[in-house]
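Given the structure is predicted, the values throughout are model-derived calculations rather than measurements. Chain letters run A, B, ... following the sequence lines, proteins first and then strands; every chain starts at 1.
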Amino acid sequence: NFSVDNEVRSSFIQRRLRSQERREMQREILSILGLPHRPRPHVHTKQNAAPMFMLDLYNTISTYPEPPGYSYYKPVLPTQVSPMVTPQDSRFLDDADMVMSFVNLVDQEQDLLYQQHRREFRFDLSRIPEGETVTAAEFRIYKDFIQERCENETFRVSVYQVLQEPPNSEVELLLLDQRDVRAAEEGWLVFDLTDTSNLWLVNPEQNLGLHLVLEDSNGQGWNPQLAGLVTGSGPQDKQPFMVAFFKANEVRFRSIR
Amino acid sequence: SAHKGRQSNRSKPQRTVQDALKAVEAATDNLGISREGCKKHELYVSFRDLGWQDWIIAPEGYAAYYCEGECAFPLNSYMNATNHAIVQTLVHFINPDTVPKPCCAPTQLHGISVLYFDDSSNVILKKYRNMVVRACGCH
């Protein structure tokens, strides 16, 4: 029964897709995902702070029961420092139909050169799909525990939106949010960016980034790193990032192919 | 009663195909080969098989399911038949020539969320509606 066996086996071999068929299938699924082509991200960024936070968010969504025999939905548990998803984030997530995280575009070396008590951050919001409205947005920066200072010493962290950068004078800033932190505190500091993000979305040319300023209880400027704030040159899994929650403001139909 | 016009303009070859299908149907019915009633079947979509695990962070894939099975008289309670499907089933049962059996299709669909990188390594978490069959029924 050699020939019969062969026939039986061949009918159970998963049909080999020709490369053109495979590309067509991938394009069809990408069109469901709303993507023009498959993204080519830089490798090894999965352990960075933003992907870890987004994975936390993803794992809070798991609402549908796992069907018998499939382990398709395993909450991919984040490893070491993973930014906590606050209850507020979960509420933002319920109302949103898309969440995007954005990495800081200002280069890491800037830390070493820049003025001591000020840091600059920039985010590229240009890839946000048309027809989305920001329902909430946050700027997140990690605060490490610092040993050297006495426990109760407090610092004031202020986040400003850059309004103008005139070539020959001081930048014009708008205070967005402030947070008093103790030297002994550790974890993610969250600053609200909702209004600023919507402004940047509508007027991209006004997206001149953020400035972060650190002062001690006497109003004296401080180097953020000496107060435990992790900026550009710190570990990847504690890098500052921005996250925005979106809601589509129109029903989008799939383009006919 | 269905519109008679349908019968007249049906071309001869169409007839023979229809007859052949009916003959097979009658044969299977007579042989007592019980066709399964309309219900949900397993179907897994694997992003891994598509080779996309470098940019899709989660999930590795998802159970989409699909609906298949007969919507024939008598429609059982698990077939979630609409009132219209029940009437259509009766008309088909009385006179198969006039209307086909109702269709077995999803009556409830659920969404999934996908977490993926875009080209500049920003991360996107997006919810997609109507991706998983929750229940099937006769329409």
Is there side-chain contact between A:Y58 and B:P59, with heavy atoms separated by less than 4.5 Å? yes
Listed by chain and number, what are the ring pair (Phe, Tyr, Trp, His ring centres under 6.0 Å) partners of B:W55, not counting sequence neighbours? B:W52, B:Y116
Shortest non-hydrogen contact between A:H37 and B:D119, atoms and distance: NE2-OD2, 2.7 Å
Measure A:L30 against the heavy atoms of chain B and call it side chain, backbone, both or neither at under 4.5 Å. both
Solution key, residues 199-210 of chain A side-chain donor-acceptor pairs under 3.5 Å, sequence neighbours excluded:
from: A:W200; atom 1: NE1; to: A:Q206; atom 2: O; distance (Å): 3.3
from: A:N207; atom 1: OD1; to: A:G209; atom 2: N; distance (Å): 3.4
from: A:N207; atom 1: ND2; to: A:F123; atom 2: O; distance (Å): 2.9

Minimal heavy-atom distance between B:L115 and A:M54, with the atoms involved, is CD1-CB, 3.7 Å
Chain A interface, residue from B:V114, B:V132, B:V45, B:D54 that has the most non-hydrogen pairs under 4.5 Å: B:D54
Turns out that what part of A:A96 lies under 4.5 Å from chain B's heavy atoms comes down to backbone
Which of A:L35, A:D124, A:I29 touches chain B most, by non-hydrogen pairs under 4.5 Å: A:L35
Closest approach of A:S101 and B:N122, non-hydrogen atoms and distance? O-CB, 3.0 Å
What pair of heavy atoms forms the shortest contact from B:A58 to A:L55, and how long is it? CB-CD1, 4.3 Å
List the atom of B:L125, the atom of A:L57, and the distance in Å for their closest heavy-atom pair. CD2-CB, 3.9 Å
Side chains of B:I124 and A:R127: does their closest heavy-atom pair fall under 4.5 Å? no
Counting only heavy atoms not in B:N83, do more than 12 sit closer than 6.0 Å to its CG atom? no
Name the member of B:K127, B:M131, B:R129 that forms the most heavy-atom pairs with chain A at distances under 4.5 Å. B:K127
B:F93 atom CZ: more than 12 heavy-atom contacts under 6.0 Å: no
In terms of heavy-atom contacts, A:I61 and B:S113 come closest through CD1-OG, 3.4 Å
Among A:M100, A:R38, A:M98, single out the residue with the greatest number of heavy-atom pairs under 4.5 Å to chain B. A:R38
Best-contacting candidate, A:M25, A:R40, A:Q26, against chain B by heavy atom pairs under 4.5 angstrom: A:Q26
More than 12 foreign heavy atoms under 6.0 Å from NE2 of B:H84: is that the case here? no
